[in-house]
Engineer: 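Here you go, one structure.
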Amino acid sequence: MHKISVTAELNYEVHIGADWRPYVEAIFATHQKVLIIAPAFIASSAELHLLVESPHHHLLVTPEGEAQKDYATAEKVWNFLGEMDFGRTDAIIAIGGGATTDLAGFVAATWLRGIAWYAVPTTLAGMVDAAIGGKTAINTGSGKNLVGSFYSPQSVCADMRWLETLSDRDFAAGLAEVIKTGYIRDLSILTLLDSVDSIAMVREHALDLVAKSVAVKAIVVSSDFKEGKLREILNFGHTFGHAIEKKSGYALRHGEAVSIGLHFAAILSESELGFSSSDTEHLAKLLEKFGLPTVLLKNEYQWSELLALMTGDKKSRDGRIRFIGLRAPGEPDWIEAASNETLTATYEKILL
Ligand code: GLY
């Protein structure tokens, strides 16, 4: 078991490798009323039903995936909290992937101007990224995560057994965030992943990889909670990745879109930051080894559409698209003035 502290508007701990059941029971003992938010396959689990016995403990089922991060679902949860008369000392627990923790955190941030919430991430992406750091949000027609709040959970419990419920595809999608973390800060993550050949082998190192990734995220978030500057390094691969994700209509997993975004950002780093082409090749091979996409089919995504989405992204400033790139593995830097020609040429290099 690892315990990693995060310092934000409150100090909290991420319990890695802990059992989620006693964790939930301890929350029940701390708050009078608790609402658990979870997608159907988790909400229907017998283990969860055994825990939720008291009339003060409620379970609300959300839609699967990114679809739950919308206004209608948030409103449904707010209405439920209203009907059940949830007060300032009551709490919400999110049990699910990143979409569930983003939604639950956002609802907790806005109900009565903020009630306690706890995260039990069940996906690799949730454990290493979404549930850590207090970014909460829902999506709107204009884009991903445009309505939200920085609002930390009281604590996070990452129980590795949830990862057994993930398909290899979903596990690999989370691995894209792990690989991102290796490239921006912890090269030992890359060494470990270089030494294994399959998702099955990576699964054996899940505890170590989650602990390493959370440790990096905790340091970054603790020094720049509201993303003044440093926290932006966590967005490596995300500027292009978010545009691809949105354009795919969320058919691609977040991590799959980020994987293509990492490759794009690495190629862009060659011309803008002197990143070596052999390092780009290594990054692409590492992603591909775990079945992650790194290229786009010609005509699948039009450059003009992706450019428009990136310009509208919250990471852009004054219409200028900003990227996180790399000078070398472990040395992230900002790319703020790439010309249209350079961006177009980079896009063309990732076309199959
Ligand atoms: N997912 C990037 C961040 O939490 O800042």
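Values below: all heavy atoms of this structure, side chains included; hydrogens, waters and symmetry mates excluded. Atoms within a ligand are numbered from 1 in the order they appear, just like the ligands themselves. Computed from a prediction, not measured in an experiment: that's the story for all the values here.
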Engineer: Is there a path from Val61 to Ile37 through hydrophobic residues (I, L, V, M, F, W, Y) whose side chains come within less than 4.5 Å of each other?
Structural biologist: no
Engineer: I'd like to check the ring pair (Phe, Tyr, Trp, His ring centres under 6.0 Å) partners of Trp162; sequence neighbours left out, ordered by chain and number.
Structural biologist: Trp20
Engineer: Does Arg253 reach the main-chain N or O of Ala172 with its side chain, forming a donor-acceptor pair under 3.5 Å?
Structural biologist: no
Engineer: Counting only heavy atoms not in Arg113, do more than 12 fall under 6.0 Å of its CZ?
Structural biologist: no
Engineer: Does ligand 1 have any N/O pairs with the protein under 3.5 Å, and how far apart?
Structural biologist:
unit_1	atom_1	unit_2	atom_2	d
ligand 1	1 (N)	Asp129	OD1	3.1
ligand 1	1 (N)	Asp129	OD2	3.1
ligand 1	4 (O)	Lys217	NZ	2.5
ligand 1	4 (O)	Arg231	NH2	2.8
ligand 1	5 (O)	Lys135	NZ	2.9
ligand 1	5 (O)	Arg231	NE	2.7
ligand 1	5 (O)	Arg231	NH2	3.3

Engineer: Tell me whether Lys180 is salt-bridged to Glu177, with the criterion being a basic N under 4.0 Å from an acidic carboxylate O.
Structural biologist: yes
Engineer: Verify salt bridge (Lys or Arg N to Asp or Glu O under 4.0 Å) between Glu288 and Lys285, making sure each step is shown before the conclusion.
Structural biologist: CA-CA 5 Å; Glu288 287 161 10; Lys285 287 224 161 75; over 6 Å; no
